[in-house]
Amino acid sequence: MSAHDIDEMTPETDENAESEEDDLDLAAQIELLAAENRRLRDEYARARQSRYRHTAIGLGAIGALAALGGLLFPDARDVLFALAATGLFGAVLTYYLTPGRFVAGEVGERVYAPLAGNEAAIADDLGLGEDRIYLPREGSVRLYVPQRSGGELPEARAGPIVTAEGSRGLLLETTGSGLFAEFEDSLAGDLATAPAPLGTQLADGLVEGFELVESAEPDADPEGDRLTLAVTGSAFGDADRFDHPVAAFVATGVATGLDRPVALEVRPGDDRHDWLVTCRWDLERVT
């Protein structure tokens, strides 16, 4: 091979070497990003666990102080010992029931989004209307999407495709059922059966219980047969999609608490709130 041939091959060799170096650099950057992502997830989980454990420590400290006060102040011993028992018991539960695994809101959103899209597409292909009615049925709540407004409500055992005359449509399990069952189990007392206190309970469940939204403000209008929650910061994105977890949870709670079918409407909010989730239980006014 001549020197001239070697000179002609040198640029191509250099280019190949540079390409390999670029590939190695890209692979190294990807690995660094993956490691950083894992580190951030671990730190987030530790931060959440630390919050629960700090709460447990606080409850334990209150319990210990109350117990000490019971020893020092005999006149208030019964009350202080009861407070001590409550604090210590709450500390133990909070510490040992601390969640060890957290799922980011983005993950839940990516799981929910295609399901919502598929269900909405099925409803469109069947020529169904825009009404979304949540029906209390045999201890649970189901979502009914009628073909037309003002028709009859389906029987409890109908579905998922309802073909009865006067009540054609879809009757589906709602995303709100499981959430609401978990919420109801966590209530210290009974579920409210009046719109105003029920709205407060559901708002607390969304914000404090499940952290599905950053804020939720209830607005009850019993005379108008309406309950609205103004929500901000949905963890599952736009709340006006098909059977959205936030809206479905509210509708399921209202249908269960009032033991009546409710029509759900979700509209964009104003400059203070992202979405207005409205439930109405006078279906004649709605349809």
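All values reported here derive from a predicted model rather than from experimental measurement.
Under the side-chain contact (heavy atoms from CB on, under 4.5 Å) rule, V246 has a single partner from L206, L229, L179, which is L206. For the side-chain contact (heavy atoms from CB on, under 4.5 Å) criterion with R142, the lone passing option out of L171, L170, I133 is L171.
In terms of heavy atoms, E211 sits closest to E208 at CG-O, 4.3 Å. Listed here is the closest heavy atom pair of L227 and G199: CD2-CA, 3.9 Å. Nearest heavy-atom pair, P160 versus L172, reported as atom, atom and distance to 0.1 Å: CB-CD2, 4.0 Å. Contact between A251 and C279 at its shortest, heavy atoms only, is CA-SG, 3.6 Å. A pairwise comparison of heavy atoms in L135 and P261 identifies CD2-CB, 3.5 Å as the closest pair. Residues V141 and P136 share a closest heavy-atom pair of CG2-CA, 4.1 Å.
Put simply, CG on L115 and OG1 on T175 are 9.5 Å apart, with the number rounded to the nearest 0.5 Å. Taking CZ of R132 as the start and CG of D243 as the end, the distance is 9.0 Å to the nearest 0.5 Å. In this structure, F242 CZ and I122 CD1 are separated by 8.5 Å, a value rounded to the nearest 0.5 Å. Note: F210 CZ to D204 CG = 12.0 Å, rounded to the nearest 0.5 Å. One distance of note links CG of D274 with CD of E214; it measures 8.0 Å at 0.5 Å rounding. In this structure, CG on L143 lies 6.0 Å from OG1 on T174, to the nearest 0.5 angstrom.
Linking Ile, Leu, Val, Met, Phe, Trp and Tyr residues whenever their side-chain heavy atoms come within less than 4.5 Å places L258 and L202 in a single cluster. Taken together through direct or relayed side-chain contacts under 4.5 Å among Ile, Leu, Val, Met, Phe, Trp and Tyr, V145 and L264 form part of one hydrophobic cluster. V266 and F236 fall within the same hydrophobic cluster, defined by Ile, Leu, Val, Met, Phe, Trp and Tyr side-chain heavy atoms under 4.5 Å apart, directly or through other members. Using a 4.5 Å cut-off between side-chain heavy atoms of Ile, Leu, Val, Met, Phe, Trp and Tyr, with links allowed through other members, L276 and L198 fall into different hydrophobic clusters.
At distances below 3.5 Å, not a single donor-acceptor pair connects side-chain atoms of T252 with backbone N or O atoms of F249. At distances below 3.5 Å, not a single donor-acceptor pair connects side-chain atoms of R260 with backbone N or O atoms of A255.
Scored by the side chain to side chain donor-acceptor pair (under 3.5 Å) test, E173 finds no partners at all (sequence neighbours excluded). The side chain to side chain contact (heavy atoms under 4.5 Å, CB included) check on V207 picks up V213, A216, with sequence neighbours excluded. Taking R226 as the reference, D219, D221, T228, T278, R280 meet the side chain to side chain contact (heavy atoms under 4.5 Å, CB included) condition, with sequence neighbours excluded.
Here the side chains of I161 and T163 are in contact, with some heavy-atom distance below 4.5 Å. The shortest distance between side-chain heavy atoms of T232 and H273 falls below 4.5 Å. With a 4.5 Å cut-off on side-chain heavy atoms, W275 and D238 count as touching. Residues R272 and E217 have side chains in contact (heavy-atom distance under 4.5 Å, counting atoms from C-beta outward).
Summarising the local packing, CG of L126 is surrounded by more than 12 heavy atoms from other residues, nucleotides or ligands at distances under 6.0 Å. With a 6.0 Å radius and a threshold of 12 heavy atoms from other residues, nucleotides or ligands, D124 has its CG atom above the threshold.
Ring pair Y134/Y144: centre-to-centre distance not below 6.0 Å. Between Y112 and H244, the distance from one ring center to the other falls under 6.0 angstrom.
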Inset, instruction - Decide yes or no on side-chain contact (heavy atoms from CB on, under 4.5 Å) for R137 and E155, but give the supporting numbers first. - result: CA-CA 9 Å; R137 290 287 190 268; E155 298 293 331; over 6 Å; no

Inset, instruction - Mind running side-chain hydrogen bond (donor to acceptor under 3.5 Å, both in side chains) on S149 and D131 for me, showing each step along the way? - result: CA-CA 7 Å; S149 300; D131 293 341; 2.5 Å; yes

